[in-house]
Amino acid sequence: MPDIIHLLPDSIANQIAAGEVIQRPASVVKELVENSLDAGATHIRICIKGAGRTLVQVIDDGKGMSATDTRMAFERHATSKIKKADDLFALTTMGFRGEALPSIAAISQVEVKSRKAEDELGSLLVISGSKVEKQEAVSCAVGTSVSVKNIFFNVPARRKFLKSNETERRNIFTEMERIVLANPHVEFTLIENDVETLHLPKAGLRQRIVQLEGKNVNQQLIEIDEETTLGKIHGYVARPEFAKKGRVNQFFFVNNRYIRHPYFHRAVMTAFEPLIAANEKPSYYIYFQVDPDTIDVNIHPTKTEVKFENEQVLWQILMVTVKESLGKFNAVPSIDFDTDDAPEIPVFDPSRSASMPRVNLNPNYNPFRSPHSETYKSSPPAFGWEQLYQGFEKEVSSGGEADNTATLFKPAGADQNLPETDLFPEHYQYKHKYILTSVKSGLMIIDQHKAHVRILFDKYLEQIKNRQGVSQRVLFPEVMELSASEAAALPSIMDDLEALGFELSNLGNNSYAVQGVPSEIDNGDPSLLIKSMIGKSLETDSDVKSEIRESVALSLANLTAIPHGKTLTSEEMLLVVSQLFACPTPTYTPDGQTVVRVISDAEIEKKMQ
Ligand code: ADP
Ligand code: MG
């Protein structure tokens, strides 16, 4: 029997090994950008085409490589970062395995240009599927540019395994988010399909978080800062009232490397526990600086899991540090963070704390036939109803418009009297759906979702008319792919979308990058919102501008209004009710659904016989 074992050719061995390091375009981005950081770059440009399938190019102004090093860098286990096993315990670089470049070169077509400052010429190296095709001297800028084209071109099975462009793009952003948060002092530019979609100038940590998440976040951040013999813990946690149910930002970094750490996560959650609901999650950005020999970054091939030598003690320190900062903040609100730049919160958003409502009453409308202002004056409610009340009082004393309101409150088919309210002395939320309050003539029931639709519709329509929507740049512009009919309909509402604060840039081929969204929308998928508005405008089937506007405003209002099922605080209910009754037609939604009904005392009385 002949011997059957033989060595695999390098190219196949590399392809197999590449699977460990390079799973998708996002892995290429991560590895290349980490190399640039290790090379001391101060500005890193990332160019992406076709969600990274066609091209990932990373250009840095780091220290560059000699011609020999450029070639050596593609040998397996070739690294400049460690020399001996002990170095593993003193790591100060992101990379150390010497696997990334050979892995990338095994499954794509790579072109590298690199030059060191002291060299006059740089070198160009072209490799395709591990085979060196060209190396020559070229003139190029100091630093390194690595282009990775046609990932998995020679491994069709893996290429097939890639997900939709949208998903691959999202993965790239997820990697980038971690890297840019770990390196605020480095400038980053992202260029997608030749369009610059993200530019982050060098910044401090708080600034970098704000660059990424938007200005509103600034006022949410509480700083944490603790130095012990075991290391330093620094960063920010979001104030508990900004905790959310959906996706939140939860980041740990150790020595500027993003890590996952479920155990430390529990320490943060323990500190937050008494302050947030069980199903809510707080955002946090927490940075450990520890002696490199007290961590082991070597336990996981993609290196997001890191083992700490002093895990239990650090757990305690972290928990106490977060708790203390939250406590300090609660004791002295507004000292910890600067609010100079903080924007005014323009619209009700249940995930944020309610700012004092400003009441803009419609002068033609008075729901209060006989005000009970005296009762109120003697005991203003604790959370600042007084100002609200003053608004009402002014309105009330300006004279009765009772007949007008009587009709406004008359639900179809019912003969009900004007509710004469006690300025909403109690609110009660029923089944997370209705706001109930007693009014003079009975029990008023307000549908929280429909009420908010009415409020937002009026607001959005106003914004469209006055072109006053405030846009907020999004961190990672989403690419929205439209059908031919959607793309054809888009121009008819483009003006209105822009007036609301949407910023779209045309990428060609019916694709658009959503670069900005109305500042009040921070949940929800913007491309879904836009598509739904396009859909509605198509259904409206009208060329009349005002009708199109109304359909845009209504569908956005429907999509962004407080849903049924959302628990509201007293302040939030008050805000909804006060804003609702500042609308000219509070009783119905723009499409004619009932927002408010009153069950008369007589009806209740009858039921209770
Ligand atoms: P590792 O980063 O683990 O050392 P890589 O395969 O990623 O392994 O890179 C191999 C070597 O190539 C690095 O150790 C570094 O010396 C060099 N190198 C790679 N990218 C760059 C770059 N952008 N600038 C300078 N040197 C680089
Ligand atoms: Mg590397």
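Remember, it's 1-based here, ligands and their atoms both numbered in the order they're listed.
When the salt bridge (Lys or Arg N to Asp or Glu O under 4.0 Å) test is applied to E311, the partners found at least two apart in sequence or on another chain are K307. Here H43 pairs with nothing under the ring pair (Phe, Tyr, Trp, His ring centres under 6.0 Å) rule; sequence neighbours left out.
Residue E31 places no heavy atom under 4.0 Å from ligand 1. Residue contacts with ligand 1 leave out S103, since none of its heavy atoms falls under 4.0 Å from the ligand. Heavy-atom distances between G62 and ligand 1 stay at or above 4.0 Å for every pair.
Taking the six-membered ring for Trp and the full ring otherwise, the centers of Y285 and Y236 sit at least 6.0 Å from each other. Between Y263 and F308, the ring centre distance reaches or exceeds 6.0 Å. Aromatic ring centres of F264 and F288 lie closer together than 6.0 Å.
The distance criterion of under 3.5 Å between nitrogen or oxygen atoms is met by D60 with respect to ligand 1. In terms of polar-atom proximity, G64 is not counted as a contact of ligand 1, lacking any N or O under 3.5 Å from an N or O of the ligand.
Residues E187 and H199 bring a donor and an acceptor atom of their side chains to less than 3.5 Å of each other.
Atom numbering of ligand 1 starts at 1 in the shown order; those under 4.0 Å from a heavy atom of P102 are 6 (O). Residue contact check: A100 has heavy atoms under 4.0 Å from atoms 6 (O), 7 (O) of ligand 1. Remark: ligand 1 atoms within the under-4.0 Å shell around heavy atoms of A39 are 24 (N), 25 (C).
Remark: among candidates L101, L37, T70, D38, the nearest residue to atom 6 (O) of ligand 1 is L101, based on non-hydrogen atoms.
With salt bridges taken as basic N to acidic carboxylate O contacts below 4.0 Å, one links E111 and K149. With respect to the salt-bridge test (charged N to carboxylate O, under 4.0 angstrom), the residues R24 and E168 qualify. Contact check on E34 versus K30 returns a salt bridge, with a Lys/Arg side-chain nitrogen under 4.0 Å from an Asp/Glu carboxylate oxygen.
Neither the backbone nor the side chain of D69 has any atom closer than 4.0 Å to an atom of ligand 1 (non-hydrogen atoms only). At a heavy-atom distance under 4.0 Å, atoms from both the backbone and the side chain of S80 approach ligand 1. Under 4.0 angstrom from ligand 1, there are no non-hydrogen atoms of A41. Contacts with ligand 1 closer than 4.0 Å are made by heavy atoms of both the backbone and the side chain of T79.
Note on N35: counted as a metal contact of the Mg ion (ligand 2), an N/O/S atom lying under 2.8 Å.
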